[in-house]
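Single-structure report; data block below.
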Number of protein chains: 2
Amino acid sequence: MALYVYKFGGTSVGTPERIKAVAARIKTAHEAGDQIIVVVSAMSGETNRLVGLAKEMQLQPTDREMDVLLSTGEQVTISLLSMALHNLGCDACSYTGAQVKILTDSSHTKARIREIEDARIRADLDAGKVVVVAGFQGVDELGNITTLGRGGSDTTAVALAAALKADECLIYTDVDGVYTTDPRVVPKARRLDKITFEEMLEMASLGSKVLQIRSVEFAGKYNVALRVLSSFSEGNGTLITYEETEMERALISGIAFNRDEAKLTLTGVPDLPGVASKILGPIAAENIEVDMIVQNVGERGTTDFTFTVNRNDFLRAKAILEEVCANLGGKQVSADNSIVKVSIVGVGMRSHAGIASTMFKVLADEGINIQMISTSEIKISVVINEKYLELAVRALHTAFGLDKD
Amino acid sequence: MALYVYKFGGTSVGTPERIKAVAARIKTAHEAGDQIIVVVSAMSGETNRLVGLAKEMQLQPTDREMDVLLSTGEQVTISLLSMALHNLGCDACSYTGAQVKILTDSSHTKARIREIEDARIRADLDAGKVVVVAGFQGVDELGNITTLGRGGSDTTAVALAAALKADECLIYTDVDGVYTTDPRVVPKARRLDKITFEEMLEMASLGSKVLQIRSVEFAGKYNVALRVLSSFSEGNGTLITYEETEMERALISGIAFNRDEAKLTLTGVPDLPGVASKILGPIAAENIEVDMIVQNVGERGTTDFTFTVNRNDFLRAKAILEEVCANLGGKQVSADNSIVKVSIVGVGMRSHAGIASTMFKVLADEGINIQMISTSEIKISVVINEKYLELAVRALHTAFGLDKD
C-alpha cells in the first residue's frame with residue numbers, strides 16, 4: 001500500500017464543480033488501495049476577496065490579523081472537499097493547519113514549518129480515511145495562526161510528504177508538467193517525463209513558474225519525489241527526482257528565460273577591496289533584489305561593475321546607483337531595461353565540455369550580441385536585447401535537440 | 001476599572017462600514033478606561049453563502065464538516081474588526097474559539113461550553129488590549145472545531161462574561177431594548193429599563209425574539225448582568241438582572257404573543273393511566289415539539305386532551321393524532337391552526353392575587369373567547385382565535401398600565 005500526498009491549487013478547486021471533480025479523482029485513487037492525503041488551497045478569487053475586505057479596514061493590516069483572515073480560505077475548501085468526498089461514499093476528515101498540527105515559527109505571512117505532528121493523520125489513514133489538510137497555514141508555539149506565504153500550499157504538501165514518508169507528492173496545477181521551455185514561445189517545446197531537483201530549481205528561479213522554489217528546495221532536502229501534473233487533463237506529468245541523471249540523459253533539459261530584468265552598469269570605479277559592497281550595499285538597503293552580477297577588470301586600476309534587478313525596481317536602483325557613482329568617483333552609470341535573460345539548464349553539462357561554446361556559437365550565428373554571461377554548475381545564462389528573445393530561445397531549443405519529434 | 005463584554009451580531013457587522021462603526025464605538029469605550037472583550041458573529045449573509053456552498057457538495061453534510069466550514073465566518077469578522085481597531089490606534093488582538101480556548105463537548109452544530117481558559121485574555125486585557133473573540137464556536141477535547149448552534153454568539157459572550165467575572169455583558173442587536181410588547185402591534189409599547197432573567201426567559205420563549213433563551217439561562221445561572229441595546233442608535237437599552245423585583249415594580253412587565261401555534265384536540269379517550277404518553281409519544285417520535293398541554297376531565301371515564309404545536313408541524317401532527325385516535329378508541333380529533341397564544345409576564349404576580357382574573361375579565365369585556373389556559377409562577381398564557389390578537393394585546397397592555405405616558 002502506497003501513501004500519496006495530492007495537492008490542488010486555487011484554480012483546481014475554484015468552483016463547486018471543480019471541487020467535485022477533485023473528489024472524484026481522489027475517490028478513484030483511494031479505491032485503488034492507496035493511502036491519500038489531500039492538500040488544498042483557497043478557492044481562486046477568495047484570497048483576493050478577503051484582501052479587499054482587509055484593505056477597507058486598514059491600509060496596512062498587521063501580519064497576525066492577515067493570517068487569521070486569509071487562513072479561512074483554505075478552511076472553507078477542506079470542509080467542502082470533505083463533504084464532496086462523503087457524498088461519493090468516500091470516508092474523509094478535514095484538518096486545519098493548527099489541527100494537524102503544523103508547527104511553524106512566528107513569522108506571520110511568511111512562516112517556516114518547524115515540525116509536523118503525524119499521529120492523528122496516521123490514525124485516520126490507517127482507519128481507511130482520506131485526510132484533507134488546509135494548505136498554506138500553520139500555528140506557532142503560542143497557538144497563533146500563521147501562513148507560509150506565496151506557494152505555501154505546495155510547501156505544506158511537500159512537508160507532509162516528508163513527515164509521513166509518502167511515496168510521492170503530486171502537485172496538480174493548470175499545466176500538465178514541466179516543459180523544455182515555454183510552449184507559447186517555442187511551439188515545439190516538449191513535456192519532460194523527468195527532471196532533477198537541481199534542474200527544477202534553476203528552471204523555477206529563472207522564470208518557469210510551475211512550482212514555488214521553496215517547495216522544490218524542501219522536496220530536495222527531504223528526498224520527496226514530486227510530480228507536477230494537470231487537474232484538468234489526464235497524463236503522468238513530470239516527475240521531479242533526486243536521482244542523478246541517467247546515462248542516456250540529454251545534455252540540456254530546458255531553456256529558461258526571464259523578461260522581468262533590467263541591467264545597470266557602473267563604469268570606471270576604483271578597483272579596490274570593498275568596492276562591490278559599497279555599490280550593492282545601498283541597493284540592498286532599499287530591499288532591491290539583485291540577480292546577476294558581473295565585474296570586469298578595467299583600465300588603469302578601475303573596474304566596471306554590472307548587475308541586473310527586477311524591472312519594477314529599475315528606476316529606484318538607477319537613482320541609488322547615480323548617488324553611489326558620485327560618492328565613489330566613478331565614471332558613469334549606464335542603464336538598460338530592454339534586456340532579457342536566457343538560460344540553458346541541465347545536469348548533463350557537468351560531465352560534458354563545450355556546452356557553453358555551443359550556446360555562444362548558436363547565438364552568434366543568429367547575429368545576437370551577448371551583453372552578460374553568468375554560469376553555474378548546471379546552467380549558463382546570458383543577457384541579450386529583449387527583441388531577440390524568441391529567436392534565441394527557438395534556436396537554442398533546436399540546437400540542443402529539445403524539439404518534439 | 002470595569003470589565004465589559006460587548007457582543008455584536010451579524011447585522012451589526014454586516015458591511016465593512018458597520019465593522020468600522022463598531023470599532024469606533026469600542027474605541028470610545030476603551031478610552032474611557034474600561035477593559036473590553038468584543039464577541040462578534042459572522043457578517044450577515046456569510047453563513048447563508050457558506051451553507052449554499054455546502055449544499056452543492058452534499059445534501060446532508062456531516063455536522064463536523066459543517067462546523068469547520070461555518071466557523072470561518074466569525075474568524076473573518078474578528079480579523080477585520082481587529083484591523084479596524086488598529087486603524088483607529090486602538091490595540092487589539094483576535095482569537096478564534098479554539099485559540100481562547102472555549103472548550104465544548106463534541107456535539108457538533110449544537111455544542112455546549114464546558115470551560116473557558118482565561119489566561120491569555122487576561123494577559124491581553126492587562127496589557128491594555130481590546131480582545132476580539134469569535135462567537136458561536138469552540139473546540140472539543142480532541143481539537144475538533146465545534147459550533148454552539150443558533151444564538152451561539154450570545155452564549156459565547158455570556159460565557160466569557162461569566163468566566164472573566166465581567167461587570168456587564170452588552171448585547172448589541174437591531175432593537176434598542178426589550179419592550180413591554182411588540183411595538184408593531186401596540187404603538188404605545190414602552191422600552192423596559194430593567195427586566196428580570198425569569199421574565200426575560202418567559203418573554204423570549206413566548207416569541208419576543210430579542211435574545212436566545214439559552215444565553216439568558218446561562219446568564220441567569222452565572223449571575224451575569226446582561227444588557228440589550230441597539231448597534232444603530234444611542235440609548236441604554238434594557239438591563240436584564242438577576243436581582244429580585246423592586247418595591248415599586250409593576251405587576252406585569254410585558255405582554256408576549258406567538259402567532260406560530262396550532263391547536264389539536266383529541267376528545268373522548270379513555271381516562272386511564274398512561275394515556276397522555278400514548279398520545280404524545282408518537283408526536284415526539286416524529287420530532288414535533290409540543291408547547292401547551294391541557295387535559296380536562298370529561299364524561300363517563302373519558303377525557304379530552306388538547307395541545308399546541310408549531311404551525312409548520314400542524315398537518316403532520318394531525319395525521320399522527322388521527323391514527324392515535326383510532327388506536328386508542330377516541331371519539332374524534334379536532335384541529336385549528338388559526339389560533340394565537342397571548343401571555344402576560346411578570347415576577348410581580350408572585351406576590352399579588354387576582355392577576356389572572358383581571359386578565360380574563362379584560363378579554364371577556366372585549367368579547368374574546370379563551371380556548372386554553374396555562375399558567376406558571378410568573379406568566380399566564382391563553383389561546384384565542386388569531387383574529388383577536390391585536391385587540392387582546394392592546395387591551396391587556398392598557399389594563400396592566402404598560403402604555404407610554
Side-chain angles (χ1 to χ4, degrees), chain A residues 15-17 19-20 22-23 42-43 46 49-50 52-89 91-96 98-101 117 120 123 132 134 139 142-145, chain B residues 15-17 19-20 22-23 42-43 46 49-50 52-89 91-96 98-101 117 120 123 132 134 139 142-145:
Chain A
T15 65
E17 289 64 39
I19 294 175
K20 287 179 172 179
V22 166
M43 295 169 75
E46 179 63 2
R49 185 182 79 88
L50 295 171
L53 284 170
K55 295 290 172 203
E56 289 200 62
M57 295 299 121
Q58 197 179 12
L59 217 56
Q60 292 207 304
T62 63
D63 290 341
R64 182 187 186 279
E65 298 302 338
M66 275 310 278
D67 282 354
V68 172
L69 182 66
L70 295 186
S71 62
T72 62
E74 293 79 32
Q75 191 170 328
V76 167
T77 318
I78 56 171
S79 59
L80 294 179
L81 178 57
S82 299
M83 291 171 190
L85 285 165
H86 293 162
N87 196 45
L88 298 175
D91 203 0
C93 190
S94 74
Y95 292 95
T96 63
Q99 286 178 316
V100 166
K101 67 187 190 183
E117 286 182 17
R120 236 180 132 177
V132 182
V139 64
L142 294 170
N144 295 303
I145 296 169
Chain B
T15 63
E17 289 65 38
I19 294 175
K20 287 179 173 179
V22 166
M43 295 170 76
E46 180 64 4
R49 185 182 78 87
L50 294 171
L53 284 171
K55 295 289 175 205
E56 288 199 62
M57 295 298 120
Q58 196 179 14
L59 218 55
Q60 292 208 303
T62 63
D63 290 341
R64 182 189 186 279
E65 297 302 337
M66 275 309 276
D67 282 354
V68 172
L69 182 66
L70 295 186
S71 61
T72 62
E74 292 79 31
Q75 190 170 327
V76 168
T77 319
I78 57 171
S79 58
L80 294 179
L81 178 57
S82 299
M83 291 172 191
L85 284 165
H86 292 162
N87 196 45
L88 298 175
D91 202 2
C93 190
S94 74
Y95 292 94
T96 64
Q99 286 178 316
V100 166
K101 68 186 193 184
E117 286 182 15
R120 235 181 131 176
V132 182
V139 65
L142 294 170
N144 295 303
I145 296 170

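Only heavy atoms go into these numbers, but all of them, side chains included; no hydrogens, no water, no symmetry mates. Within every chain, numbering begins at 1; the chains are lettered A, B, ... in the order of the sequence lines, protein sequences first and strands thereafter.
- Across every non-hydrogen atom of A:Leu53 and B:Met43, the tightest pair is CD2-CE, 4.4 Å.
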**Request:** Could you go through the side chain to side chain contact (heavy atoms under 4.5 Å, CB included) check for B:Val68 and A:Gln75 one step at a time?
**Result:** CA-CA 7 Å; B:Val68 172; A:Gln75 191 170 328; 3.7 Å; yes
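- A:Leu69 touches chain B through backbone and side chain together, each having a heavy atom under 4.5 Å away.
- Listed options A:Leu59, A:Val139, A:Asn144 were ranked by heavy-atom pairs under 4.5 angstrom with chain B; first place goes to A:Asn144.
- Among B:Ala98, B:Ala84, B:Ser82, B:Ser94, the residue making the largest number of heavy-atom pairs under 4.5 Å with chain A is B:Ser94.
- Heavy-atom pairs under 4.5 Å with chain A were tallied for B:Lys101, B:Arg49, B:Met66, B:Gln60; the largest tally goes to B:Arg49.
- Not a single salt bridge (charged side-chain N to carboxylate O under 4.0 Å, His left out) links B:Arg120 to another residue, sequence neighbours left out.
- Contact between A:Ala54 and B:Met83 at its shortest, heavy atoms only, is CB-SD, 3.6 Å.
- With contacts defined as side-chain heavy-atom distances shorter than 4.5 Å, the pair B:Arg64/A:Cys93 qualifies.
- No part of B:Thr77 comes within reach of chain A, as not one of its non-hydrogen atoms sits under 4.5 angstrom from that chain.
- Within the 4.5 angstrom heavy-atom criterion, atoms from both the backbone and the side chain of A:Ile145 approach chain B.
- Closest approach of A:Ile78 and B:Glu65 over heavy atoms only: O-OE1, 4.3 Å.
- Every side chain to side chain contact (heavy atoms under 4.5 Å, CB included) that B:Glu56 has, sequence neighbours left out, goes to A:Pro16, A:Glu17.
- Looking at every heavy atom in both residues, A:Gly143 comes nearest to B:Gln99 through O-NE2, 2.8 Å.
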